[in-house]
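See below for the structure under consideration.
In what follows, residues are counted from 1 in the order of the sequence shown. Just so you know, these numbers come straight off a predicted model, no measurement behind them.
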Amino acid sequence: MDDNEIPDLSEDEKKLFADLMPEDLTEILDTGVNRRHFLKLMTLAGGGILAAQSAVAEQLFTKPVAPTTELTSAAIENGVEVAMNVNGTARKLTVDSRMTLLDTLRERLDLTGSKKGCDHGQCGACTVIVDGQRVLSCLTLAASCEGKRVKTIEGLAKGTDLHPMQEAFLKHDGFQCGFCTPGQICSAVALIDEAKKGDASYVTGDVRKKAGSVQLSNEEIRERMSGNLCRCGAYPNIVAAIQEVHSGKPVEQTFRFSA
């Protein structure tokens, strides 16, 4: 098959996509099954949802994935040019004016470390740092980042040397499934900078008093990180990791076991 040829779908395959992925059906019929569609279908298969259509799904899994095509201005509705610095590299691309920063990072720049969790700004899995401030990239328009500096989890390490916060998360087991970890770490890195600048939080005693660097208690770390949710419940380990980087002193690893 030619690399640019879109594989035809049988009627059964079209029905399978119409039943399970109706929101993607038009795109699939126009451009074929791409990597994102394939992974989504694999997820459904792993959950046992495809049991009744296993024969049709098996046919789909053996078909070639449609090649990813570079989007042009003419192919993008409401396209706008956006130039920004991402992890130290100047990037310029055309995006839909309604496209979020998260989708731009993942779908257009292949920076998939930032995760799409709730897609409503409630879980913090998509947190990145823009001009030194942590933002929820699922609620931030890519067009609003014109001329700004964006740092994602991929940009924290220097070569093979991990960022101190990444090392602390490893030391203190600050993650389990790891899905929320990129957002947790980006948020924690920005939190340290906020404390150095003396930014107030909900538990600050006197918000009118602008002090210098803030010495964070565990309670204040929990408050400042409250926008980042962890379904695995690794919160004590996350707080310990942040406290160690913030204080510059080793934090004892404590593990509680039931008798």
Side-chain angles (χ1 to χ4, degrees), residues 87 100-102 105-106 111-140 148-157 162-207 209-256:
N87 296 330
T100 64
L101 176 59
L102 176 61
L105 293 171
R106 292 181 56 84
L111 296 172
T112 56
S114 304
K115 297 297 186 285
K116 179 177 285 193
C118 66
D119 207 23
H120 286 77
Q122 297 177 351
C123 72
C126 68
T127 304
V128 299
I129 304 171
V130 178
D131 282 351
Q133 301 290 324
R134 46 182 165 164
V135 303
L136 297 168
S137 60
C138 76
L139 297 184
T140 303
K148 296 183 178 181
R149 293 174 292 105
V150 179
K151 181 168 287 188
T152 70
I153 189 67
E154 291 92 344
L156 292 181
L162 295 179
H163 187 281
M165 191 64 72
Q166 292 173 306
E167 293 181 336
F169 265 66
L170 286 171
K171 174 183 175 181
H172 290 278
D173 291 329
F175 55 89
Q176 289 184 39
C177 78
F179 189 85
C180 73
T181 307
Q184 296 275 5
I185 292 178
C186 285
S187 188
V189 169
L191 179 155
I192 298 297
D193 289 336
E194 292 169 7
K196 290 179 180 177
K197 293 185 295 184
D199 291 352
S201 77
Y202 180 75
V203 295
T204 300
D206 186 355
V207 296
K209 183 180 179 181
K210 184 71 173 180
S213 179
V214 178
Q215 186 61 42
L216 300 177
S217 63
N218 286 348
E219 178 188 19
E220 188 148 6
I221 290 176
R222 286 193 291 270
E223 164 58 29
R224 291 175 185 258
M225 290 293 293
S226 61
N228 291 81
L229 305 183
C230 173
R231 293 186 66 180
C232 299
Y235 297 117
N237 309 50
I238 292 171
V239 172
I242 297 173
Q243 186 63 263
E244 182 163 306
V245 176
H246 170 63
S247 65
K249 301 176 182 179
V251 174
E252 182 181 359
Q253 294 174 297
T254 58
F255 301 95
R256 297 180 181 179

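The two residues Cys123 and Gly117 come nearest to each other via the heavy atoms SG-CA, 3.9 Å. When all heavy atoms are compared, the tightest approach of Gly198 to Val214 is CA-CG2, 3.5 Å. Nearest approach of Leu156 to Ile185, heavy atoms of both residues: CD1-CG2, 3.6 Å. The two residues Cys177 and Cys232 come nearest to each other via the heavy atoms N-SG, 3.5 Å. Closest heavy-atom contact between Arg106 and Ser114: NH1-O, 2.9 Å. Across every non-hydrogen atom of Gly121 and Cys138, the tightest pair is N-SG, 3.3 Å.
In this structure, CZ on Arg222 lies 12.0 Å from OG on Ser201, to the nearest 0.5 angstrom. Note that CD of Gln176 and OG1 of Thr181 are 9.5 Å apart. Values are rounded to the nearest 0.5 Å. To the nearest 0.5 Å, the span separating NE2 on His246 from CG on Asn218 amounts to 10.0 Å. Between atom CD of residue Gln243 and atom CD1 of residue Ile221 there is a gap of 4.0 Å, rounded to the nearest 0.5 Å.
A donor-acceptor contact under 3.5 angstrom links the side chains of Glu154 and Thr152, judged on distance only.
Panel note: side chain Ser137, backbone Leu101; no donor-acceptor pair is recorded below 3.5 Å. In this structure, Gln122 contributes its side chain and Leu229 its backbone to no donor-acceptor pair below 3.5 Å. Of the possible donor and acceptor atoms, one in the side chain of Lys115 sits under 3.5 Å from a partner among the backbone N and O of Thr112. Of the possible polar contacts, one joining the Asn237 side chain to the Asp173 backbone as a donor-acceptor pair under 3.5 Å is found. The backbone N or O of Cys186 lies less than 3.5 Å from no partner atom in the side chain of Arg134, so there is not a single donor-acceptor pair. A donor-acceptor pair is defined here as one N or O able to donate and one able to accept, closer than 3.5 Å; such a pair exists between the side chain of Glu244 and the backbone of Val251. Distance alone, capped at 3.5 Å, is enough to place a donor-acceptor pair between the His163 side chain and the Met165 backbone. Of the possible donor and acceptor atoms, one in the side chain of Asn228 sits under 3.5 Å from a partner among the backbone N and O of Gly183.
Contact of the Leu170 side chain with the Phe175 side chain is registered, since non-hydrogen atoms from C-beta on lie closer than 4.5 Å. The shortest distance between side-chain heavy atoms of Ser187 and Met225 falls below 4.5 Å. No side-chain heavy atom of Thr100 sits under 4.5 Å from any side-chain heavy atom of Thr140.
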Residue pair Ile129, Asp193: steps toward the side chain to side chain contact (heavy atoms under 4.5 Å, CB included) verdict: CA-CA 11 Å; Ile129 304 171; Asp193 289 336; over 6 Å; no
Steps toward side chain to side chain contact (heavy atoms under 4.5 Å, CB included) verdict (Ile192, Ile242): CA-CA 8 Å; Ile192 298 297; Ile242 297 173; 4.1 Å; yes
Test side chain to side chain contact (heavy atoms under 4.5 Å, CB included) applied to Gln184 and Cys230, step by step: CA-CA 9 Å; Gln184 296 275 5; Cys230 173; 3.8 Å; yes
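In summary, Arg224 and Glu220 engage in a salt bridge, as defined by a charged side-chain N under 4.0 Å from a carboxylate O.
When Leu111, Ile153, Val150 are each tested for a side chain to side chain contact (heavy atoms under 4.5 Å, CB included) with Asn87, only one passes: Leu111.
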